Amino acid sequence: MKSLEPVIRELLIETADATDCELTGELNADTVLLECGLDSIGFAFLVARLEEDFGFDPFVALENAEYPRTWSEFVSIYDNHASREV
Amino acid sequence: MPREKSKNLFDALSCEGSTFKLLFDGEEWSSDRLRQEATALRQHYSRYFNLPVALSTQDRLSFVLHLVALDGWVSRILLLPSSISKNDSSEILQRAGISDVLGGDEASSTPDDGSAGADSGAGIETRWVIATSGTTSVPKLIDHTLNTLTRSVSVSQGELSDLVWGTLYEFDRFAGLQVFLQALFSGATLVECSSRAFVERCGELVREKVTALSATPSMWRKLIMQGDIKNCRLKQITLGGEIADGSILSALRSAYGDARIVHIYASTEAGVGFSVSDGLPGFPATWLQEERPVELRIGGNGNLLIRTQLMATCEAVEASTDAEGFFDTGDIVRIEGDRVVFMGRSSGAINVGGLKVLPEEVECVIREVPGVDDVVVTAKESALVGQIVSATVVPSNQDRDSGVELKKAIRQHCASKLQKHKWPALVTFSEHLETSDAGKLRR
C-alpha cells in the first residue's frame with residue numbers, strides 16, 4: 001500500500017503557512033517533530049486537517065498511546081492505521 | 001515523619017533540619033542562605049511591616065527571596081504576573097487597593113534600621129492575593145492564605161525530601177507556585193528553569209537529574225514527544241490544569257512503571273481541590289458518599305460541587321456557593337461505571353493546551369467576514385492539545401468555489417484579530433445551525 005507521506009507532507013506545509021510557523025528546513029525521516037518549526041498547536045491543526053482528508057485520527061484511536069518523536073514515526077502511525085482500515 | 005506546617009515560608013525554612021534547596025543557574029541556595037537573604041530583605045523593607053504590597057519581578061530568584069521575606073512580614077502580598085500588561089496591572093492594583101509594588105526597579109524603598117518588628121519573628125498571617133489566568137478580561141483576584149494554598153502539600157521529610165523537582169511554570173502562576181510550595185515544605189530540591197526555551201529546559205531537567213515534575217496533560221504530551229524526558233528517572237509525576245485522560249495516564253505509566261502518578265483536580269478560585277493517585281481518569285465514585293477533607297457532590301446541573309473548611313474567599317466563590325456551603329466548580333462530570341469522570345467546563349470555554357477560548361469571542365470575529373451569515377464555534381477533541389477550535393459556518397453563498405476563498409478569508413481574519421490558540425483549526429460549512437428551544441445556538 002502506498003505511503004500517505006506525500007499527502008501529509010503537503011498538508012504540513014499548508015498548515016505551517018496557515019498557523020504562521022516557519023519550517024526550519026528539509027523534512028526527512030529523522031527530523032524531530034518539535035524541531036521542524038511547527039508548534040504543538042500547529043500539529044493539532046495538522047492532525048485535524050488530516051482527519052478531514054483521511055477520515056480518521058490515529059491518535060484518538062491509539063490504545064497504547066504512543067507519541068511520535070520523528071517525522072518517520074509520525075507518518076508510520078498514519079500508514080499503519082490506514083493499512084488496518086483496509 | 002509528618003509534622004506541623006509552619007505558619008509562614010520564613011519559619012518553614014527556619015525549621016531545624018530543613019533540607020529544601022533551590023538550584024538556580026547551577027548555583028545552590030540552601031535553606032540557610034535563602035533565610036539570610038530574606039532577613040536582609042526584611043530589613044530593607046521594614047517600613048512595609050504589616051502593610052499590603054504587590055510583588056512583581058521577572059527575576060525568578062528575586063521572586064523566591066521576596067516571597068520568603070514578605071510572607072509573615074506584610075499584611076497582604078498581591079502576586080502580579082510578570083506577563084501582565086501595564087494597563088491590567090494598574091487596574092488590578094487599584095482593585096486590590098495596593099500602591100506599593102516591590103521586586104522591580106520601582107521598589108526603591110529606603111533602607112532603615114529595621115526597628116518595626118524585625119526581631120519579633122513577625123508572626124503576621126499574610127494574606128496572598130493571586131490573579132487567575134484571565135482570557136478576555138482582566139484577571140480575577142483570589143484571596144488565599146498559606147494554609148489554603150498548601151492544603152494538598154505534603155509536609156514530610158521522608159522519601160519526598162529526596163525528590164528533585166523541575167519547574168515548568170513560572171512561580172507567579174498558581175501551577176508554578178504549587179510546585180515551589182511542595183518542594184519547600186517537603187524539604188526537596190527545586191531546579192528553577194522555567195524561564196528557558198522549551199528544548200533547552202528539557203536538557204536542563206535531564207542534566208540536573210530531575211525526579212519529580214508537575215505539568216498539564218498537554219505539556220506531558222509535548223515532553224514525551226520531545227523525547228529527552230525519557231532520560232529522567234521520574235519518581236513523582238503530577239498532572240493538573242486540564243482533564244487527565246486515560247491515554248496520557250497510560251503513556252506515562254508505560255514510560256515510568258515505578259513512578260507515583262498523581263492527577264490533581266484544582267480550582268484556582270476555591271484553592272486546591274484534591275488529588276487522585278490510582279492512575280485512572282477521574283476519581284472513584286465512592287468518594288461522593290465518603291466523608292473527606294474536600295467533600296464532593298454532583299449538582300443537579302451535572303457540575304461537580306465541592307465543600308471544604310479552607311475555601312479561598314472572593315465574590316466569585318461566594319456567588320457560586322449554595323446554602324449548604326457547596327461551591328459549584330463549573331466542571332461537568334459524569335459517572336462512568338465506578339468512576340466519576342470530567343467532561344469539560346459548563347461555561348463552554350474550549351481548553352486548547354491549557355489556554356481557554358470562549359466560543360462566543362471567536363464567533364464574533366468570524367461573523368465580521370463578508371460572506372458569513374452565521375457561525376457556531378465548538379470544541380473538537382484533540383489527542384495532542386486536549387481540544388481545538390472548530391467553526392461551522394453558514395455561508396451567504398453556497399457554491400463550492402467561493403467556499404475555498406471564504407475559508408481563506410476566515411483564517412486570515414482570525415489570524416489578524418485573535419491569539420493563535422483561538423484560531424479555528426477546522427472550518428466547515430452548513431446550510432443552517434441548530435438552536436435550542438430558547439433560540440440559543442447549540443454548541
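Quick caveat, the model's predicted, so the values are computed rather than measured. The sequence lines fix the lettering, A, B, ..., with proteins before strands; numbering per chain opens at 1.
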Reported [atom1]-to-[atom2] distance for the pair [X] and [Y], which is rounded to 0.5 angstrom:
{"X": "R411(B)", "Y": "D20(A)", "atom1": "CZ", "atom2": "CG", "answer": "13.0 Å"}
{"X": "Y67(A)", "Y": "I248(B)", "atom1": "OH", "atom2": "CD1", "answer": "4.0 Å"}
{"X": "W423(B)", "Y": "I41(A)", "atom1": "CH2", "atom2": "CD1", "answer": "9.0 Å"}

Nearest heavy atoms of [X] and [Y], plus distance in Å:
{"X": "A44(A)", "Y": "L384(B)", "answer": "N-CD1, 3.9 Å"}
{"X": "R69(A)", "Y": "G227(B)", "answer": "NE-CA, 3.7 Å"}
{"X": "L426(B)", "Y": "E52(A)", "answer": "CD2-CD, 3.4 Å"}
{"X": "A425(B)", "Y": "F45(A)", "answer": "CB-CD1, 3.5 Å"}
{"X": "A48(A)", "Y": "I388(B)", "answer": "CB-CD1, 3.5 Å"}

Assess the residue pair S40(A) and M219(B) against the criterion (side-chain contact (heavy atoms from CB on, under 4.5 Å)); give the C-alpha distance rounded to whole Å, side-chain angles, the decisive distance to 0.1 Å, and a yes or no. CA-CA 10 Å; S40(A) 38; M219(B) 175 64 93; over 6 Å; no
Should the heavy atoms of other residues, nucleotides or ligands under 6.0 Å from [atom1] of [X] be counted, would the total exceed 12?
{"X": "R260(B)", "atom1": "CZ", "answer": "no"}
{"X": "R334(B)", "atom1": "CZ", "answer": "no"}
{"X": "E10(A)", "atom1": "CD", "answer": "no"}

Is any side-chain heavy atom of V199(B) closer than 4.5 Å to one of L34(A)? no
Sort E73(A) into side chain, backbone, both or neither according to what part of it lies under 4.5 angstrom from a heavy atom of chain B. neither
Test side-chain contact (heavy atoms from CB on, under 4.5 Å) on D57(A) and E381(B) and set out the steps. CA-CA 10 Å; D57(A) 173 355; E381(B) 298 309 307; over 6 Å; no
Chain A contact via T428(B) - which portion, at a heavy-atom distance below 4.5 Å: side chain
With chain B as the partner, which of V32(A), V47(A), T15(A), T19(A) has the greatest number of non-hydrogen pairs under 4.5 Å? T19(A)
